[in-house]
Every structure is written in C-alpha cells, then in structure tokens.
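Atoms within each ligand, like the ligands themselves, are counted from 1 in listed order. All heavy atoms count here, side chains included; hydrogens, waters and symmetry mates do not.
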Amino acid sequence: MVPMIYSLYGFAIFFFIFWCAMWLIHLVAIFYGKYRLHNKPTAIDSDVPLPGISIIKPLMGVDPNLFTNLETFFTMNYPKYEILFCVEDDTDPAIMLVNSLMEKYPKVDAKLFIGASLVGVNPKINNMNKAYDAASYEFILISDSGIKMKEDTLLDMMRFMSDKTALVHQMPFTCDRDGFAGTLEKIYFGTAQSRIYLTADFIRINCHTGMSALLRKSALDDIGGLQAFGCYLAEDFFMAKAFTDRGWRITICSQPALQNSGICNVNSFQARLTRWAKLRVAMLPLFILVEPLSECMVIGAGASWAVNILFKWDVLGFYLVHILLWFICDWILLSIIQNGSLPFNKFDFVVGWLFRECSGPYLFLLALFDPEIRWRSRIYRLEWGGIAQEIKPRLKL
Ligand SMILES: CCCCCCCC/C=C\CCCCCCCC(=O)N[C@@H](CO[C@@H]1OC[C@@H](O)[C@H](O)[C@H]1O)[C@H](O)/C=C/CCCCCCCCCCCCC
Ligand SMILES: O=c1ccn([C@@H]2O[C@H](COP(=O)(O)OP(=O)(O)O)[C@@H](O)[C@H]2O)c(=O)[nH]1
C-alpha cells in the first residue's frame with residue numbers, strides 16, 4: 001500500500017513540475033519573442049562590403065502562389081546574390097515558371113539546374129546538390145519553395161551571422177491566408193511551435209527547421225557538405241547538430257519565415273505535421289513522452305489531477321483556469337510574432353485554437369502508430385536515430 005501511495009505522489013509531483021516548466025516556457029517565449037523578433041536592422045556600415053549569398057531554391061511542382069513567392073527573390077535589397085533554382089525532373093512545370101521569371105529580371109543573376117544527383121535518400125538534398133557544388137559565394141541560403149521574402153530579409157539574416165555563427169535560420173511562420181486552414185496554420189506556427197522554437201533558441205538548444213536557413217559554406221564543407229546529410233530526412237536538424245558539436249553558434253534572425261504555399265488545406269497541413277512528428281520521434285525518442293505532455297489539454301489534465309492529490313484543489317476549476325491562461329498566453333505570443341493586425345477576428349482565433357489544441361495530441365498518436373513517411377512523391381521508413389530508407393519507388397504524381 002505504501003509504495004502505491006509513494007508512486008501516486010511521485011506521479012503527481014512529476015506532473016506538477018512539468019506543468020510549472022511549461023509556464024516557464026510560455027513566459028520565456030513571450031519575453032524573448034518581444035525582445036528578439038521584428039527589430040529593425042541597425043544602419044548597415046557601407047564601408048564593409050556585405051558578403052555574397054548563393055540562394056538555393058529546390059523546386060518540385062507548382063502551386064498557385066509559386067510565381068509570386070519566387071518573384072520576391074528577384075526584388076530583394078541585397079548587393080550581391082545569385083539564385084540557383086533546382087528541379088529534379090525535366091518535365092516539371094516549375095521550369096517554365098522559373099524561365100519566365102529569369103526573362104522578366106535579366107539583371108538578376110539566376111541559374112536553373114535540372115536533374116538530381118543521387119547522394120542519399122533525401123530528395124531535397126539530391127535536388128540541391130548540383131547547385132551547391134556550383135555556388136559562387138561564401139554563404140548559402142537554403143530556401144524552400146513555399147517561402148516568400150521581404151525586401152530586407154537577407155540583410156536581416158546576415159546581420160546575425162557573426163564570426164562564431166555558422167547558421168542563421170528563420171523561425172517558421174506563415175503569410176496571411178484566407179480560410180480556416182490559413183487561420184489554423186498561423187495559430188499553430190505562432191503558438192505551439194514558436195513557443196518551443198523561441199525557448200529552444202533562447203537556451204541554445206538545436207531546433208533548426210531548414211525551410212529558410214543561411215549557412216556558412218566553409219563550415220558546411222568542413223562537415224562534408226550537403227551530401228553528408230543525404231541519409232537523413234531531417235537534414236536540417238543533423239546539419240545544425242554537426243555545427244554545434246564543433247562549437248559553432250546557430251541562431252534565429254529577427255524575421256519569422258513567411259510560408260506562403262498556394263496549397264493550404266487542413267488535410268495537407270495535418271499530414272505535414274504528422275510527418276514532422278515522425279521525424280522528431282525517430283531522432284529524439286524522448287519526444288514520445290514530452291511532446292504529448294507539452295500539449296495544453298494533456299498537461300492541464302495531468303496537473304489538475306496532481307493538484308487535487310497534492311493540495312486538494314478542485315479539478316474542474318483548475319483545468320478551466322489553466323486552459324484560459326494558456327489561451328491568453330498564446331494570443332499574446334501570436335500577436336508578438338504577427339507584429340501587426342491579425343487576418344482573423346477573436347472568434348476565429350477561439351475556434352482555430354480549440355481545434356488545434358484538441359487535434360494536436362490525436363495527430364501525434366497517429367504519427368506514433370504509422371511508421372511510414374510519405375513526402376511528396378516518395379515513401380520512407382525511419383530507423384531510430386533518424387536514418388531514412390526509401391521503401392517504395394517514386395510515384396509519378
Ligand atoms: C519540460 C520540458 C518540456 C519540453 C517540451 C518539448 C516539447 C516539444 C513539443 C513540440 C516540438 C516543436 C518542435 C519545434 C520545431 C520542429 C519542427 C519540425 O519538426 N521540423 C522538422 C521537419 O522540418 C522539415 O524537414 C524537412 C526539410 O527538408 C524541411 O525543409 C524542413 O522544414 C525538422 O526536421 C526538425 C527540426 C528540429 C526538431 C528538434 C526540436 C527540438 C526542440 C527541443 C525543445 C526543447 C525546449 C526547451 C525545453 C526546456
Ligand atoms: O522530393 C522532394 C521533396 C521536397 N523537395 C523540396 O524540399 C522543400 C521542402 O519540401 P516540402 O515543402 O514538401 O517540405 P515540408 O516543409 O513540408 O517538410 C521544397 O522546396 C521542395 O521543393 C524536393 O526538392 N524534392
């Protein structure tokens with residue numbers, strides 16, 4: 001009987017401490033986000049020339065926003081850069097679109113590479129490898145197809161690239177997009193994900209998501225170049241880990257990444273989150289426990305039970321206050337990251353937030369019980385540690 005009481009109290013203390021840690025994460029994210037994001041660049045010293053940047057854009061297929069997203073790369077305010085578009089398949093419709101942009105902006109240094117080099121299983125790495133080998137400058141920007149840039153985004157990223165830094169990344173966020181899926185994506189990236197992302201950056205834990213990342217090429221060459229990470233699907237995480245293992249700094253810049261894919265629906269968004277959860281669990285198995293526990297509804301339930309055991313507090317009252325406070329913190333954080341008016345009203349936020357918070361744990365369970373990873377036209381399976389194997393030949397979409 002006594003061991004059972006001890007275990008009961010042990011669990012209650014564990015939930016209570018975890019719950020306190022989550023509130024600390026909320027506070028760190030809010031204060032660090034306010035301090036770190038959206039601060040205007042100090043005047044650039046015009047006597048020191050800015051280093052050149054080779055922008056690598058891996059493309060696969062087109063979507064309704066691709067043209068306007070890519071166009072933002074031709075109109076950036078940065079003195080020296082080249083754009084290296086990569087397409088794996090010579091029948092890809094993205095080729096036509098890139099050619100028309102290159103014709104529209106003949107003064108911008110842009111090239112198109114067709115055909116992947118098979119250096120591993122990661123199709124994004126295979127697609128980018130030729131461009132990486134041909135890059136002229138000492139810094140590389142890897143930028144996914146759905147990213148939209150502001151005129152000064154490159155300047156913003158470069159000003160965080162100190163001598164000790166090998167990687168400056170943009171925290172994932174989204175452009176304003178219509179419809180429930182657009183609201184949901186903004187809420188997820190501006191609350192649940194950014195809370196962890198900002199805290200991790202603050203305490204210097206690797207949380208690099210490689211959708212928009214400025215890399216020091218010499219440092220990447222020292223760890224084997226892009227191709228050294230072709231065996232992983234989460235090449236971004238392992239690349240950043242290799243840098244930090246060698247003593248390099250990695251950091252976010254002040255502008256969050258503006259994801260603006262023209263494909264915006266709840267199913268594809270949830271499939272993407274599930275794919276990412278599978279990657280995280282394979283890389284860091286501790287996530288099987290901590291990720292669901294970090295969800296509002298789950299830790300709230302655990303903490304409500306814990307405070308009832310420890311302090312005899314009312315379970316339902318505690319749970320409702322917990323949800324209300326979590327909701328308010330999320331609203332504050334989202335407003336800081338948006339840095340302007342949100343494209344939806346408070347009612348839409350309530351609905352989107354409740355949907356996200358209730359579906360998050362369910363999506364995580366789905367990810368745990370389905371080991372196959374579908375990424376664009378390919379299907380993979382991951383080993384513990386993150387090494388990937390392609391298990392079905394490429395589908396023609
Ligand atoms: C009391 C302790 C509580 C700890 C709670 C931790 C709970 C974690 C909960 C949520 C995790 C959010 C993680 C943030 C970002 C992850 C996004 C992601 O999964 N990205 C992966 C996929 O990216 C794409 O991959 C393909 C590539 O080609 C594309 O270009 C990419 O965009 C990516 O691979 C993984 C990146 C890093 C994941 C590691 C995150 C570690 C976070 C540690 C958190 C510690 C917080 C601080 C605790 C005190
Ligand atoms: O087989 C593939 C899959 C993806 N990509 C590129 O990798 C980047 C990230 O792809 P996606 O947006 O599907 O990844 P997510 O952000 O959803 O993980 C994009 O620029 C894609 O064009 C690629 O070149 N080949």
Side-chain angles (χ1 to χ4, degrees), residues 14-15 17-26 28-29 56-63 66 69-70 85-89 92 94 113 116 121-129 131 142-147 169-172 188-189 191-213 229 232-241 250 257 259 261 263 268-269 271-284 286-295 298-299 360 364 367 373-378 380 382 386 388 390 394-395 397:
F14 170 77
F15 276 121
I17 291 178
F18 203 103
W19 179 79
C20 293
M22 287 313 298
W23 287 107
L24 193 61
I25 290 176
H26 271 290
V28 170
I56 304 186
K57 293 284 306 174
L59 304 179
M60 191 186 213
V62 293
D63 68 56
L66 187 64
N69 289 338
L70 295 184
F85 293 102
C86 311
V87 178
E88 176 185 333
D89 194 333
D92 195 314
F113 296 81
V121 288
N122 185 320
K124 176 177 165 185
I125 295 272
N126 290 343
N127 195 4
M128 293 191 297
N129 205 55
I142 296 180
S143 172
D144 284 359
S145 52
I147 298 293
H169 51 122
Q170 289 192 278
M171 182 179 82
Y188 171 71
F189 284 107
T191 62
Q193 186 170 120
S194 51
R195 184 191 314 131
I196 300 296
Y197 216 90
L198 286 165
T199 308
D201 189 67
F202 178 69
I203 56 180
R204 300 195 179 177
I205 290 182
N206 170 18
C207 62
H208 168 229
T209 290
M211 60 183 65
S212 180
F229 301 92
Y232 305 110
L233 286 189
E235 78 293 336
D236 41 3
F237 175 79
F238 290 100
M239 217 180 269
K241 181 174 180 305
I250 65 170
Q259 300 175 80
S261 163
I263 298 166
S268 63
F269 174 57
R272 189 177 186 219
L273 293 191
T274 313
R275 169 162 53 84
W276 286 4
K278 289 177 195 176
L279 296 182
R280 292 194 296 269
V281 165
M283 297 185 295
L284 305 160
L286 187 65
F287 267 54
I288 297 178
L289 181 71
V290 294
E291 189 155 338
L293 274 183
S294 71
E295 293 279 353
V298 179
I299 191 61
F364 190 78
I373 296 188
R374 176 185 276 258
W375 190 18
R376 301 283 184 120
S377 55
R378 294 179 172 89
Y380 302 88
L382 289 183
E390 194 173 340
R394 186 179 168 205
L395 314 167
L397 291 181

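The shortest N or O to N or O distance between M211 and ligand 2 is not under 3.5 Å. At a 3.5 angstrom cut-off on N or O pairs, T199 does not count as close to ligand 1. Annotation: D236 places an N or O atom under 3.5 Å from an N or O atom of ligand 1; distance criterion only. Remark: ligand 2 and E88 share no N or O pair separated by less than 3.5 Å (distance only, no angle test). Checking only distances, K124 does come within under 3.5 Å of ligand 1, N or O to N or O. Taking distance alone, with nitrogen or oxygen atoms compared against 3.5 Å, N127 approaches ligand 2 more closely than that limit. Residue S143 has no nitrogen or oxygen atom sitting less than 3.5 Å from a nitrogen or oxygen atom of ligand 2, judged on distance alone.
Closest of all the heavy-atom pairs between I142 and G210 is CG2-O, 4.1 Å. Taking every heavy atom of both residues into account, W375 and K124 meet most closely at CH2-CB, 3.8 Å. When every heavy atom of L382 is checked against every heavy atom of A388, the shortest pair comes out as CD2-CB, 3.5 Å. Here the closest non-hydrogen pair linking S143 and P58 is O-CD, 3.3 Å. Of all heavy-atom pairs spanning C207 and D201, the tightest one is SG-N, 4.4 Å. Listed here is the closest heavy atom pair of F364 and I288: CE2-O, 3.8 Å.
Interatomic distance, Q259 CD to N69 CG, rounded to the nearest 0.5 Å: 10.5 Å. To the nearest 0.5 Å, atom CD1 of residue I147 and atom OG of residue S261 are 10.0 Å apart.
Looking at R280, E235, H208 and measuring to atom 19 (O) of ligand 1, the nearest heavy atom belongs to R280. Comparing F237, F229, F202 by heavy-atom distance to atom 39 (C) of ligand 1, the nearest is F237. Considering each of Q259, R376, E235, the one bringing a non-hydrogen atom nearest atom 3 (C) of ligand 2 is R376.
Between Y232 and V121 there is no side-chain heavy-atom pair separated by less than 4.5 Å. Using a 4.5 Å heavy-atom threshold, the side chains of H169 and T209 count as separate. When side chains are defined from C-beta on, M171 counts as touching S194, because their heavy atoms get closer than 4.5 Å. Side-chain contact check for L293 versus F15: some heavy-atom pair is nearer than 4.5 Å. For the pair F85/S145, no side-chain contact is recorded, criterion being any heavy-atom separation below 4.5 Å from C-beta on.
Remark: aromatic rings of F229 and F238 are distant, center separation not under 6.0 Å.
Given atom 1 (C) of ligand 1, the protein heavy atom at minimum distance is A21 CB, 3.6 Å. At the shortest separation from atom 45 (C) of ligand 1 among protein heavy atoms lies I205 CD1, 4.1 Å. The protein heavy-atom contact nearest to atom 7 (C) of ligand 1 is S294 OG, 3.5 Å. The protein non-hydrogen atom at the shortest distance from atom 19 (C) of ligand 2 is S145 OG, 3.5 Å. Among protein heavy atoms, atom 7 (O) of ligand 2 sits closest to K124 CD, 3.3 Å. Nearest protein heavy-atom contact of atom 14 (C) of ligand 1 is Q193 CG, 3.9 Å. Considering only non-hydrogen protein atoms, atom 3 (C) of ligand 1 sits nearest to F18 CZ, 3.7 Å. Scanning the protein for heavy atoms near atom 20 (N) of ligand 1, the closest one is T209 OG1, 3.3 Å. The protein heavy atom nearest to atom 14 (O) of ligand 2 is W375 NE1, 3.3 Å. Looking only at protein heavy atoms, the nearest one to atom 6 (C) of ligand 1 is I196 CD1, 4.0 Å. Closest to atom 26 (C) of ligand 1, if we only count protein heavy atoms, is L233 O, 3.9 Å. D144 OD2, 3.2 Å is the protein heavy atom nearest to atom 9 (C) of ligand 2. Scanning the protein heavy atoms around atom 16 (O) of ligand 2, the nearest turns out to be R272 NH2, 2.9 Å.
Judged by the shortest distance from any of its heavy atoms, N206 lies inside the 4.0 Å radius around the atoms of ligand 1. At a 4.0 Å cut-off, not a single heavy atom of R275 sits close enough to ligand 1 to count as contact.
Applying the 4.0 Å criterion to heavy atoms of W375 picks out, from ligand 1, the atoms 28 (O). Atoms of ligand 2 lying under 4.0 Å from at least one heavy atom of P58, given by number and element, are 19 (C), 20 (O), 21 (C), 22 (O), 24 (O). Applying the 4.0 Å criterion to heavy atoms of R378 picks out, from ligand 2, the atoms 1 (O). Contact atoms of ligand 2 toward L59: 22 (O) (distance under 4.0 Å to a heavy atom of the residue). Counting the atoms of ligand 1 from 1 in the order shown, those under 4.0 Å from a heavy atom of D144 are 29 (C), 30 (O).
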### Task
Report the C-alpha separation of E88 and N127 in whole Å, then their side-chain angles, then the decisive distance to 0.1 Å, and conclude whether the side-chain hydrogen bond (donor to acceptor under 3.5 Å, both in side chains) test is met.
CA-CA 6 Å; E88 176 185 333; N127 195 4; 5.2 Å; no

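At a heavy-atom cutoff of 4.0 Å, ligand 1 is contacted by no atom of F238, backbone or side chain. By the criterion of a heavy-atom distance under 4.0 Å, both the backbone and the side chain of A234 are placed next to ligand 1. Under 4.0 Å from ligand 2, heavy atoms of M60 appear from its side chain as well as its backbone. Proximity of R275 to ligand 2, defined as any heavy-atom pair under 4.0 Å, is confined to the side chain (atoms from C-beta onward). Residue-level proximity to ligand 2 for M128 is absent, since no heavy atom of it falls below 4.0 angstrom.
Surrounding CZ of R204 are at most 12 heavy atoms belonging to other residues, nucleotides or ligands under 6.0 Å away.
A search for side chain to side chain contact (heavy atoms under 4.5 Å, CB included) contacts involving I196 returns I25, not counting sequence neighbours.
Note: F18 and F14 have tilted aromatic rings, judged against thresholds of 30 and 60 degrees for the angle between ring planes.
Using a cutoff of 4.0 Å between basic side-chain nitrogens and carboxylate oxygens, R374 and E390 are not scored as salt-bridged. Salt bridge status for K57 with D144: absent, with no side-chain N to carboxylate O gap under 4.0 Å.
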